[in-house]
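Order of the sequence lines sets the chain letters (A, B, ...), proteins ahead of strands, with each chain counted from 1. Everything numeric in this text was worked out from a predicted model, so none of it was measured.
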Amino acid sequence: MSWNDVIVLLPEIFLTGSICMLLLLDAFSDDRSAMGLHRLSMLALVLTAGLVVWGHGEAATSAFYGMFINDTLAEILILFSILCTAIVLVLASPYLRQRRIAIGEFHTLTLFALLGVMFLVSAGNLVMIYLGLELLTLSSYALVALDRDSRLCSEAAIKYFVLGALSSGMLLYGMSLIYGATGSLDLATINAAIAQTPHMTLMLIGLVFLMVGIAFKFGAVPFHMWLPDVYEGAPTAVTIFISSVSKLAAVGMALRLLDLGLGNMGPYWQQMLAVLAVLSLVIGSLVAIVQTSLKRMLAYSTIGHMGYLFLGLSAGTAFGYASAVFYAVAYSLMATAAFGIILAMSRAGFEADQIADLKGLNQRSPWFAGMMLIVMFSLAGVPPLFGFFAKLLVLQAAIQAGMLWLAIVGAVFAIISAYYYLRVVKVMYFDEPADDTKLAPNSDLSLRWVLSANALVLLVLGVTWSPLLEWCLRAFTS
Amino acid sequence: MSHWPLLSLLIWVPIAGAIPVLFAGQNRPSTARWLTLLISLVTFILSLALLFGYNYNSGAMQFVESHAWLPAIHSRYGLGVDGISIALIILTSFTNVLVVVGAWEVIRDKVHQYMAAMLVLTGLMIGIFAATDALLFYVFFEAMLIPMFIIIGVWGGPRRIYATIKFFLFTMFGSIFMLLALIFLYLKTGNFSIAAMQHVPLTMTEQTWIFFSFLIAFAVKVPMVPVHTWLPDAHVEAPTGGSVVLAAVMLKIGGYGFIRFALPITPDAADHFAWLVITLSLIAIIYIGYVALVQEDMKKLVAYSSVAHMGFVTLGLFIVFILIRDGSVDMAKLGIQGSMVQMISHGFISGAMFTSIGVMYDRMHTRMIKDYGGLANVMPWFALFMVFFGLANAGLPGTSGFVGEFMVIIASFHASPWIGLAAAFTLVIGAGYTLWLIKRVVWGEVRSPEVAAMKDISAREIFVLASFALLVLWLGFWPEPLVHLIHAPITELVHTLGHSKL
């Protein structure tokens with residue numbers, strides 16, 4: 001270990017220290033509203049982001065004998081994870097306060113999960129991937145169960161935990177097989193060893209198991225069963241985190257494993273991803289149509305969106321990877337806004353998580369109806385919103401890679417999925433409000449500002465996203 | 001004048017204008033109305049300015065603006081217009097003014113949102129006609145669905161939700177395949193410039209795929225048989241202003257798309273499949289004419305007659321290929337000119353027809369033909385306009401409805417007498433369904449006490465209808481300025497179509 005290694009790892013070290021401080025502060029403080037804790041957490045996030053930007057050079061650096069990689073991909077994913085975590089913290093605070101859910105634990109667990117993401121997306125070694133993933137998922141299980149008096153929450157947490165543990169086991173088993181075939185845990189070494197390995201069958205079986213783990217993390221069909229239940233059951237504040245930051249982590253994990261570690265087996269996993277993509281598009285789009293719960297509908301729409309993301313990944317080109325990262329960023333910003341609006345409409349005792357709950361929102365609160373309109377059309381992929389360009393890029397990647405049929409499938413399901421986003425707009429704009437008392441957006445000012453900014457960013461980025469794509473491309477062209 | 005980014009102003013003045021309308025008009029409907037009228041008039045005057053700076057002898061793009069937009073995928077913020085675009089842009093901004101005046105007292109609920117949606121819609125449609133970058137075109141093309149979706153859904157009739165979702169999904173279904181084609185062309189040419197796409201050589205297989213994806217996109221918009229079914233629904237349920245914009249401008253986007261994309265980018269495939277489009281056009285002209293005959297709902301009748309009239313547009317555009325093959329280039333030009341004149345004329349006539357039906361609906365709250373009768377007795381002024389527009393819709397010489405159809409029919413006769421005969425047949429059916437409508441609604445005895453109580457049109461309504469009427473007459477007697485405006489780009493287009501890309 002040298003001094004340089006510590007410098008490379010500085011953001012993670014800083015965040016770990018901050019979390020420990022926050023833990024202590026939470027234990028000994030009697031500030032029930034936890035405003036001080038919230039502000040310190042935000043400060044820690046800002047400083048961590050500053051350290052990430054400061055520590056990132058033009059060239060990729062690695063530390064601790066290749067365990068940890070600091071490159072542009074890691075920088076992009078970490079920075080957007082920090083951004084989404086910050087949005088989550090701002091949106092969650094009034095929500096948790098009103099429901100008297102442990103707000104201190106929420107902050108520390110969220111930050112621990114973020115730490116897991118940071119390790120996961122910077123991993124250069126199978127062990128690091130597993131450790132980062134476990135830190136993220138274990139914190140997530142606890143987050144889902146945070147509202148301990150709610151039976152729905154507990155059910156969701158147990159489901160998440162059992163299936164998550166199973167998929168982690170699969171992933172670990174796959175890793176052990178690959179280790180057995182190549183004799184290394186280092187991703188770059190594994191990739192180099194693929195050409196000469198005599199154990200190709202073993203590698204393939206290992207790859208299949210890794211794929212299961214990755215697909216589970218994304219929630220791709222047929223490993224999606226946990227996703228609607230967890231999204232629906234978890235407190236909305238936690239759903240925002242899982243739907244945004246976890247997806248950024250998943251795309252990081254997939255790229256580390258598949259591109260860095262198994263890039264030379266591309267033709268095999270590209271086919272698998274294509275199959276997963278088609279299945280996710282079909283199930284995600286069709287099942288979402290019949291949902292009456294808004295959270296469940298958005299959960300199925302997530303599955304569909306992961307299908308689009310896989311289009312980019314399965315192209316197997318630098319542009320494809322960049323478009324997948326771009327898609328993950330776009331999706332996570334849309335998810336924070338979509339679930340954020342559900343959160344903003346809810347009060348203690350009224351979760352606003354049914355589609356019918358938004359009836360007549362345009363008459364109650366034209367501003368938030370307008371914001372939700374932007375988010376829904378962005379998710380549906382209508383220009384000039386951000387979501388359209390994300391779809392455009394993955395379709396382009398698919399066509400460029402010669403997979404025209406995949407692009408056509410993606411296009412067809414874009415139309416089908418437009419239907420259920422339109423339905424939300426219909427409920428908000430065309431229907432009369434159900435009664436007079438319900439449905440008023442949360443009055444917390446910072447929540448309103450952050451949410452509005454989040455939705456408007458989808459419009460602004462819709463016409464100015466070019467630098468973001470160039471940034472993503474830089475991660476894969478060096 | 002040339003230093004002004006005139007096209008950008010035309011697009012962004014109405015769109016940006018929607019923001020103050022939305023905020024200032026929330027509790028003050030009359031502020032929203034006057035502000036919207038002001039913005040619409042400014043837009044209209046700006047669009048007229050295009051006529052003065054335009055070089056009539058050049059078929060090239062003019063008022064060109066080009067700025068870096070999305071360098072990562074080589075898409076530029078590129079605007080430019082030729083005579084074809086200018087004619088359609090002026091139609092758009094003009095229709096918008098009349099729609100705003102027409103909605104003055106009719107829309108009472110959420111006035112500011114209605115006006116804002118109309119302004120955004122206008123800006124986006126102008127953007128469609130002005131874009132020289134295919135991605136920019138597509139962005140406007142799709143974004144336009146959002147305000148129209150809201151307009152039909154919020155202010156529409158009883159089945160508005162079904163109609164508006166159908167409208168949205170049909171159009172999106174068409175355009176998404178065009179998006180794939182555009183991406184393919186981008187990968188081929190290296191940028192999204194429409195001009196570059198028009199020049200890139202393509203094999204027949206490529207052209208066929210691209211042609212059909214364009215055909216789906218624009219056939220839905222025009223609409224052509226058999227993808228026209230969204231139109232009667234959307235028209236019937238939309239508020240009057242929505243119907244007017246749909247008929248007068250939005251359908252023209254389909255025709256414009258053929259002229260700008262499908263014909264020049266895939267000339268060989270278009271040539272090869274011209275028979276298909278010509279057949280579908282003739283089916284639209286004849287069969288849909290008969291469908292219109294039996295309608296009991298006035299709006300539906302006019303909607304079907306729109307499909308039939310737009311059949312002339314596609315016929316005129318694709319008959320060109322037969323004419324070019326025969327070597328009669330002048331006739332080919334006449335066909336395309338006929339299509340363009342027909343598009344503009346149909347914009348005026350159908351806009352006026354829907355406004356007239358709106359006038360009746362505001363008084364009686366029914367669109368059924370059987371509820372009316374003898375309007376001439378109680379509303380003489382209105383009857384004058386209604387009869388006039390009916391005759392124009394039937395293609396009476398001296399009105400704009402005659403000019404475009406006549407040009408297309410002449411061109412068709414040159415291509416094949418049978419096609420010409422079939423197309424000319426529409427004059428009979430068109431006169432049939434329109435005059436029968438007039439007979440049942442306007443003439444005869446006063447049908448019921450409700451009809452007897454109907455008031456004649458107000459000064460505001462006279463203004464809207466008279467504006468349409470003047471233009472219908474002007475174009476009917478003296479189409480020369482319009483033909484002159486579109487002459488150079490059409491010559492260029494026919495020249496392009498004469499050269500194979502293989």
Heavy-atom pair of closest approach, residues [X] and [Y]:
X	Y	result
A:P383	B:E142	CG-CB, 3.1 Å
A:A414	B:M172	O-CE, 3.9 Å
B:A143	A:P384	CB-CD, 3.7 Å

Exercise. Report yes if some heavy atom in the side chain of B:F177 is under 4.5 Å from a heavy atom in the side chain of A:V412; otherwise report no.
Key: yes

Quiz item: Any side-chain heavy atom of B:F170 sitting closer than 4.5 Å to one from A:I415?
Solution: no

Self-check item: Top contributor to chain A contacts, counting heavy-atom pairs under 4.5 Å, from B:F184, B:F149, B:W69
Solution: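 It is B:F149.
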
Quiz item: Among B:L70, B:L124, B:I176, B:I150, which residue forms the greatest number of heavy-atom pairs with chain A at distances under 4.5 Å?
Solution: B:L70

At a heavy-atom separation under 4.5 Å, does [X] approach chain B through its side chain, its backbone, both, or neither?
X	value
A:W471	neither
A:L468	neither
A:A398	neither
A:I416	neither
A:P366	side chain

Which distance, rounded to the nearest 0.5 Å, do you find between the [atom1] of [X] and the [atom2] of [Y]?
X	Y	atom1	atom2	value
A:Y419	B:K166	OH	NZ	13.5 Å
A:N362	B:K110	CG	NZ	5.5 Å
A:I399	B:L180	CD1	CG	5.0 Å

Exercise. Given side chain to side chain contact (heavy atoms under 4.5 Å, CB included), test A:F388 with B:L179 step by step and report yes or no.
Key: CA-CA 11 Å; A:F388 163 72; B:L179 180 66; 3.8 Å; yes

Exercise. Pick whichever of A:Q400, A:Q396, A:R423 has the most heavy-atom pairs under 4.5 Å with chain B.
Key: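 Going by pairs under 4.5 Å, I would pick A:Q396.
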
Quiz item: Taking every heavy-atom pair that is under 4.5 Å apart, which of A:L385, A:L392, A:T464 has the most such pairs with chain B?
Solution: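 Most pairs with chain B among the choices: A:L392.
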
Quiz item: Around B:F173, counting heavy atoms of other residues, nucleotides and ligands shown, do more than 12 lie under 6.0 Å from its CZ?
Solution: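 12 or below, so no.
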
Toward chain A, the part of [X] with a non-hydrogen atom under 4.5 Å:
X	value
B:T164	side chain
B:Y138	both
B:L187	side chain

Practice problem: Assert yes or no for the condition that the ring centre distance of A:F377 to B:F168 is strictly below 6.0 Å. | Solution: yes

Quiz item: Can you list the steps and then say if A:V382 with B:L145 is a side chain to side chain contact (heavy atoms under 4.5 Å, CB included)?
Solution: CA-CA 9 Å; A:V382 179; B:L145 298 180; 5.6 Å; no

Self-check item: Residue pair A:F430, B:I152: steps toward the side chain to side chain contact (heavy atoms under 4.5 Å, CB included) verdict
Solution: CA-CA 10 Å; A:F430 308 162; B:I152 300 179; over 6 Å; no

Exercise. Output, in order, the C-alpha distance, side-chain angles, deciding distance and verdict of side chain to side chain contact (heavy atoms under 4.5 Å, CB included) for A:D431 and B:I161.
Key: CA-CA 10 Å; A:D431 288 355; B:I161 289 162; 4.1 Å; yes

